[in-house]
Participant: 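Please read through the structure below; I'll follow up with questions.
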Amino acid sequence: MAQGKPRYAFFEGKIVPIADAKVGVMTHALNYGTGVFGGLRGYWNEDEEQLFVFRPHDHFERFLQSAYMMRIDLPYSATELVHILLDLLRKEGFRENCYIRPLAYKSTEMIGVKLHDVDNALTIFALPFGSYVNDKEAGLHVGFSSWRRVDDNAIPARGKVTGAYANSALIKTEANLAGYDEALVLNSGGHLSETSASNVFIVRKGVVITPPVYADVLEGITRRTIIHLLREELGIEVVERDIDRTELYVTDEVFLCGTGVQIAAITQIEHRPVANGVMGPITQRISSLYHSLVRGQVEKYREWLTPVYAKRTEQA
Ligand code: PMP
């Protein structure tokens, strides 16, 4: 993963050099996982010399919902957060793809596990970023995690709560140390939920199926995008329903989606090839549509993209 470093951060209400964006060791969120975050991507379009942020308003809406669940009051609307982000990105001046991380957290330096009467803070930073999982031509080889996905009745599953990512970290490391690229994770009901950091889709006899929002999944912005594109652009039926473990063994295609992973085919599950072990046709079609769309090459969906820089003036 080609990953650069941020030069600036939005911190304590203004843009500062990244070296000045620091917190103390007693910070509540560092001790208790009482933060929420987001993850967005900016895509560089070389022809237009433009950086496009994908669905920032939707990402910040979910970010504010996550904050609300954790009683983190932020004095900003989603629209204001988009403007702060655009200022930050212009200051960074990226001319390449980037990843954006907003983080809201309980900031008081104190001992005491609770959410009330603790101060809140917001930071946003962004860094140059290639792809997240190696988009291996061969597709990903995954296993089933021995960990269950954190239950919505334990920690809000539809919120991106920092503490809940201990679950994702356990899942990812177990998978990687066992030789897998990722892991499929079951929820406490024993049905498929998602992976450490992406939503899962399967294809059976031309129908695309994905776990429902009540399967302890994060309500992914990419998931929502893919469901829409499959139905409206590719005319493919999409069903949201529980998926059993053994269904995964007998599907025609499996793919992951998320801001980080984008779209990644799973071609092997626990040493069993998925169908004939290569990326399937629906995964290929949705992947190529997604990749051109996020770079601004699909006119109809330019509304999902927010340009960072002023338009180039046409040469006379
Ligand atoms: N599930 C989890 C647990 C995640 O961390 C992510 C990444 N944010 C996703 C799914 C995908 O969500 P999105 O498409 O909004 O990036």
Side-chain angles (χ1 to χ4, degrees), residues 1 33 35-43 53-67 69-70 78 81 85 97-104 124 126 129 131-133 135 140 142 145 147-152 154-175 182-188 191-201 210-230 238 240 243 254-264 266 286-287 290-291 293-294 301 304-305:
M1 169 169 63
V36 299
F37 66 105
L40 299 77
R41 264 187 191 262
Y43 288 93
V53 184
F54 186 60
R55 303 188 78 163
H57 201 275
D58 295 307
H59 274 280
F60 281 122
E61 259 182 5
R62 185 182 65 194
F63 178 65
L64 289 174
Q65 286 173 358
S66 297
M69 289 180 224
M70 293 300 286
L81 290 171
L85 171 62
N97 296 343
C98 65
Y99 184 84
I100 299 147
R101 168 58 48 83
L103 171 66
I124 308 179
F129 209 64
S131 47
Y132 174 70
V133 177
D135 335 37
L140 305 180
V142 305
S145 183
W147 298 96
R148 294 294 170 108
R149 162 76 174 155
V150 69
D151 189 288
D152 190 50
I155 300 177
R158 60 176 44 70
K160 271 181 87 72
V161 180
T162 56
Y165 279 76
N167 182 234
S168 293
L170 288 164
I171 291 162
K172 181 77 176 186
T173 289
E174 180 192 56
E182 245 303 341
L184 298 166
V185 189
L186 306 179
N187 57 26
S188 49
H191 296 293
L192 177 65
S193 179
E194 50 180 7
T195 73
S196 68
S198 58
N199 294 111
V200 185
F201 286 75
T210 194
V213 291
Y214 50 84
D216 299 316
V217 299
L218 182 79
E219 295 180 6
I221 308 296
T222 322
R223 175 185 182 279
R224 198 189 307 168
T225 301
I226 297 306
I227 292 174
H228 175 91
L229 294 175
L230 285 166
V238 183
E240 295 176 63
I243 296 173
V254 186
F255 65 88
L256 307 181
C257 77
T259 300
V261 77
Q262 304 178 97
I263 295 182
I266 291 180
I286 195 68
S287 173
Y290 181 80
H291 280 281
L293 186 152
V294 294
Y301 291 104
W304 278 347
L305 307 175

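Note that these values count all heavy atoms, side chains included, but never hydrogens, waters or copies made by symmetry. Numbering of ligands and ligand atoms starts at 1, following listing order.
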Participant: Look at Asp58 together with Arg224 and state whether they make a salt bridge at an N to O cut-off of under 4.0 Å.
Facilitator: yes
Participant: With heavy-atom distances below 4.0 Å as the criterion, list the atoms of ligand 1 near Asn199.
Facilitator: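 The atoms of ligand 1 under 4.0 Å from a heavy atom of Asn199 are 10 (C), 11 (C).
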Participant: I need the nearest protein heavy-atom contact for atom 5 (O) of ligand 1: residue, atom name and distance, please.
Facilitator: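 Going atom by atom, the protein heavy atom closest to atom 5 (O) of ligand 1 ends up being Tyr165 OH, 2.5 Å.
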Participant: Can you confirm, on distance only, whether ligand 1 has an N/O atom lying under 3.5 Å from any N/O atom belonging to Arg149?
Facilitator: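 For ligand 1, there is no N or O atom that lies under 3.5 Å from one belonging to Arg149.
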Participant: Please check if the side chain of Asp152 supplies one atom and the backbone of Asp216 the other of a donor-acceptor pair under 3.5 Å.
Facilitator: no
Participant: How far is atom 8 (N) of ligand 1 from its nearest protein heavy atom, and which residue and atom name does that atom have?
Facilitator: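 Result: Lys160 NZ, 2.6 Å.
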Participant: Look at the side chain of Arg223 and the backbone N and O of Cys257, then say whether any donor-acceptor pair between them is shorter than 3.5 Å.
Facilitator: no
Participant: Given that the side chain starts at C-beta and the backbone is N, CA, C, O, which of these parts of Ser168 lies under 4.0 Å from ligand 1, counting heavy atoms, or is it both or neither?
Facilitator: neither
Participant: Is any N or O atom of Arg223, backbone or side chain, closer than 3.5 Å to an N or O atom of ligand 1?
Facilitator: no
Participant: Looking only at protein heavy atoms, which one is nearest to atom 12 (O) of ligand 1, and what is the separation?
Facilitator: Gly220 CA, 3.4 Å
Participant: Tell me, please: is Arg224 in heavy-atom contact with ligand 1, that is, under 4.0 Å?
Facilitator: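 No; Arg224 lies far enough from ligand 1 that no heavy-atom distance drops under 4.0 Å.
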Participant: Starting from atom 14 (O) of ligand 1, locate the nearest protein heavy atom and write down its residue, its atom name and how far away it is, to 0.1 Å.
Facilitator: Thr222 OG1, 2.5 Å
Participant: Looking only at N/O atoms, are His59 and ligand 1 under 3.5 Å apart anywhere?
Facilitator: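 No; the residue has no nitrogen or oxygen that sits under 3.5 Å from a nitrogen or oxygen of the ligand.
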Participant: Mind checking whether Glu219 has a heavy atom under 4.0 Å from ligand 1?
Facilitator: no
Participant: Which residue from Ser196, Gly39, Ala197 reaches closest to atom 6 (C) of ligand 1 through any of its heavy atoms?
Facilitator: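 The nearest heavy atom belongs to Ala197.
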Participant: Identify, for atom 3 (C) of ligand 1, the protein heavy atom at the shortest distance, and state residue, atom and that distance.
Facilitator: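 Here the closest protein heavy atom is Glu194 OE2, 3.2 Å.
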Participant: Out of Arg158, Arg149, Glu194, which residue meets the side chain to side chain contact (heavy atoms under 4.5 Å, CB included) rule with Val217?
Facilitator: Glu194
